[in-house]
Protein chains: 2
Amino acid sequence: MKPNMIRKTCTVAVDIVLLTVREGAFQVLLIDRLLTPQRGWPALPGGFVLDEDLPAAAQRELIEETHIDASRLHLEQLQSYGTPSRDPRGRVITVAYLGLAPDLPVPEAGTDAQNARWEPVASVLDGTTKLAFDHGTIVADGVERARSKLEYTTLATAFCQSEFTISELRHVYEIVWQAPIDARNFHRKVTSADFLTATGRRTTRDGGRPAALYRATEEKVNELLYPPMLRPRVLVP
Amino acid sequence: MKPNMIRKTCTVAVDIVLLTVREGAFQVLLIDRLLTPQRGWPALPGGFVLDEDLPAAAQRELIEETHIDASRLHLEQLQSYGTPSRDPRGRVITVAYLGLAPDLPVPEAGTDAQNARWEPVASVLDGTTKLAFDHGTIVADGVERARSKLEYTTLATAFCQSEFTISELRHVYEIVWQAPIDARNFHRKVTSADFLTATGRRTTRDGGRPAALYRATEEKVNELLYPPMLRPRVLVP
DNA sequence: TCAAAAGTGTTTAACTTACACCCATGT
DNA sequence: ACATGGGTGTAAGTTAAACACTTTTGA
């Protein structure tokens with residue numbers, strides 16, 4: 001048998017990096033592991049793939065472990081992680097998914113998981129919260145993908161409720177990018193960019209003068225944003 | 001046993017979308033399958049993952065099937081494909097890799113493959129060349145990734161020889177994007193963008209007045225390009 | 001001498017940035 | 001009345017697009 005005829009089977013898992021903007025912070029959904037290995041450690045929700053499509057596996061695991069229904073959320077494939085040593089149980093390849101959610105009700109833990117909760121991404125990125133396996137790296141990759149998608153796509157609306165004001169949308173950018181944005185120029189830019197639909201309604205929930213409510217234009221969600229909204233770059237001279 | 005305790009094993013493969021700019025066309029490396037299923041069909045080089053890292057598997061398969069050494073080429077993970085029905089042999093999940101190469105010598109087929117060759121991506125995208133499994137989709141995803149990476153990163157240099165002229169670099173953009181670019185504005189833009197190092201040498205291989213030779217600045221390869229080089233957008237009013 | 005490509009200059013338009021200013025509400 | 005955020009106006013600065021023009025080679 002030639003070497004390339006040897007078929008090794010491995011286990012395939014999905015892990016979900018579900019991000020949200022909550023209480024003025026960029027947060028990620030974590031659970032505490034109920035099963036060995038790494039029992040008790042904070043980790044991403046996820047699990048083994050059954051006889052189903054990969055995105056279906058991600059949605060199923062999210063519901064099983066956190067009771068969050070991702071069917072109406074943005075969910076995209078992030079990357080696969082397959083270093084042979086990444087899981088002590090053997091060769092496990094995980095396909096990571098990235099989800100973006102508006103501020104949802106506090107999650108409730110389910111099977112194989114306890115203490116489902118939102119955790120600020122900052123405490124994962126700076127190592128304050130250590131995650132099981134290579135989940136810290138996966139979160140970092142997901143956060144960077146989200147930050148860069150806000151530049152080139154209309155996906156920031158995925159972090160907002162179904163109806164939102166321009167300043168709520170701006171807060172999403174400011175919190176995800178950790179950078180202040182001029183409210184007046186931002187207003188002009190997004191209202192002329194043709195991915196928001198005015199509902200005609202107004203709200204005063206943000207205080208001050210009533211603000212117009214918008215929703216994401218149905219056919220423009222997850223479209224490329226042109227021109228892009230470039231985040232401020234640090235100049236390296 | 002709870003449903004989420006059932007661990008299905010599947011087979012994990014890698015497939016490589018190796019792209020190049022050759023003879024004035026954007027081309028992809030294909031092989032003809034020597035093994036069933038889909039024996040004789042054109043397909044991407046690739047194969048099953050052994051006890052090795054995923055990028056190592058991609059490099060090994062490329063060498064085994066086409067004798068192309070990717071160790072000095074740009075190789076990045078593209079996406080994983082895992083629809084249960086995508087392979088008649090059973091559950092096979094493939095991790096696709098995207099490689100960018102300069103115009104290389106014509107490849108030579110190896111084990112499990114015959115007739116390794118470059119094929120214009122256009123004939124794959126328009127269905128003229130039908131590929132085995134879902135490889136047509138994988139090529140389309142790789143092409144779109146490459147097109148968009150040319151906008152935001154310095155990766156166009158990965159399609160050039162180690163030393164190249166500005167107009168050779170411009171031809172890469174024109175062929176990958178299938179759009180004409182103003183030579184004079186392009187020249188100014190890339191020479192002021194600080195990812196090219198002048199070698200001091202000149203060449204007349206493109207005809208006309210001798211052109212300065214550049215190389216990709218070592219520490220800027222695969223960096224973000226700022227400001228980005230946006231490809232012309234079709235306006236949909 | 002001519003074609004062909006390299007490279008520079010210049011004009012115009014478009015877009016970005018910064019910030020002044022007025023508006024409409026709750027308290 | 002006044003604080004708070006919403007929204008518009010505008011001038012200055014910067015960048016991009018179009019294209020005229022000079023330079024340097026090979027044939």
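A note on names: the letters A, B, ... follow the listed sequences, proteins ahead of strands, and every chain is numbered from 1. Note that the structure is a prediction, hence the values are computed from the model and not measured.
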### Message
What is the separation between atom OH on B:Tyr214 and atom C1' on C:dA6, rounded to the nearest whole Å?
### Response
10 Å
### Task
Taking all heavy atoms of A:Leu29 and all of A:Pro107, pick out the closest pair and write down the distance.
CD1-CG, 3.6 Å
#### Entry: Pair A:Glu119 + A:Lys130: basic N to acidic O under 4.0 Å
no
## Note on the structure
Between CG of B:Asp182 and P of C:dA5 the distance, given in whole Å, is 15 Å
### Message
Return whichever of A:Arg184 or A:Arg209 has its heavy-atom-nearest nucleotide of DNA chain C closer to the 5' end.
### Response
A:Arg184
### Task
Anything under 30° is parallel, anything over 60° is perpendicular, the rest tilted; go ahead and classify B:Phe133 against B:His135.
tilted
### Task
State whether a side-chain donor-acceptor pair under 3.5 Å links B:Tyr81 with B:Asp141.
yes
### Task
Among A:Leu98, A:Leu100, A:Val17, find the one that has a side chain to side chain contact (heavy atoms under 4.5 Å, CB included) with A:Arg145.
A:Leu98
### Task
For A:Ala212, report the nucleic acid contact type (base, sugar-phosphate, nothing); a contact means any heavy atom under 4.0 Å.
sugar-phosphate
### Query
Which nucleotide span of DNA chain D, 5' end to 3' end, has atoms closer than 4.0 Å to non-hydrogen atoms of chain B?
D:dA16 to D:dT25
### Query
Looking at A:Glu61, A:Glu64, A:Glu65, which one forms a side chain to side chain contact (heavy atoms under 4.5 Å, CB included) with A:Pro45?
A:Glu65
### Nearest-Å distance for atom pair CG/C1', residues B:Leu230 and C:dC15
13 Å
### Residue closer to the 5' end of DNA chain D, A:Asn185 versus A:Pro210 (nearest nucleotide)
A:Pro210
### Query
Which comes earlier along DNA chain D counting from the 5' end, the contact point of B:Arg188 or that of A:Ala211, where each point is its nearest nucleotide?
A:Ala211
### Message
Applying a 4.0 Å non-hydrogen cut-off, can you work out what B:Arg170 is touching in the nucleic acid: base, sugar-phosphate, or nothing?
### Response
sugar-phosphate
### Query
Taking N and O atoms by type only, does the side chain of B:Asp206 place a donor or acceptor under 3.5 Å from a partner on the base of C:dA4?
no
### Atom-to-atom span, CG of B:Leu213 to P of C:dA6 - whole angstrom
11 Å
### Query
Below 4.5 Å, heavy atoms only, C-beta onward: do A:Leu73 and A:Leu18 meet side chain to side chain?
yes
### Query
Do any side-chain nitrogens or oxygens of B:Ser167 fall under 4.0 Å of OP1 or OP2 in C:dA6?
yes
#### Entry: Short side-chain N/O contact from B:Arg202 to OP1 or OP2 of C:dA5, under 4.0 Å
no
